[in-house]
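Just so you know, residue 1 is the first one in the sequence shown, and it goes up from there. When reading the values below, keep in mind they use all heavy atoms of this one structure, side chains included, and skip hydrogens, waters and symmetry mates.
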Amino acid sequence: VKPVAKQMESLLQGFHQLVPDDFLSIFDETEVELLLCGVSEYSVEDLKTHVKLDGWRSTDQEIIWFWIAVENLNTDDRAKLMQFITGSSQLPVGGFKN
């Protein structure tokens with residue numbers, strides 16, 4: 001920690017200018033991580049609900065195959081899909097509706 005102490009102090013100082021320390025005190029470290037990073041796993045059903053199919057129907061065979069493929073993806077590949085779709089590998093707190 002000593003080699004980066006100065007940089008860490010500067011980072012914390014800037015962070016506390018944006019987010020007051022008394023505001024952070026109501027959260028534990030897990031809640032702060034969730035607020036900053038978002039949700040890493042998501043429901044395929046939630047994604048289906050919020051996807052807009054422009055020129056397609058949910059009953060089209062290609063769309064059915066797509067959802068089957070998504071359901072079979074592992075967590076890392078779902079994160080990559082999320083990155084491709086939204087520009088972020090994680091969902092904001094509240095999921096797709098936000």
May I have all residue pairs that pass side chain to side chain donor-acceptor pair (under 3.5 Å) and include part of residues 64-87, sequence neighbours excluded? K48-E71

Of all pairs that satisfy side chain to side chain donor-acceptor pair (under 3.5 Å), the ones with a partner from residues 50-62, not counting sequence neighbours: D46-H50, R57-D60

For I68, the hydrophobic cluster (side chain heavy atoms closer than 4.5 Å, chained through members) also holds I64

Anything under 3.5 Å between a donor and an acceptor, one on a side chain of residues 13-26, the other on a protein residue two or more places apart or in another chain? List them.
unit_1, atom_1, unit_2, atom_2, d
S25, OG, D22, O, 2.7

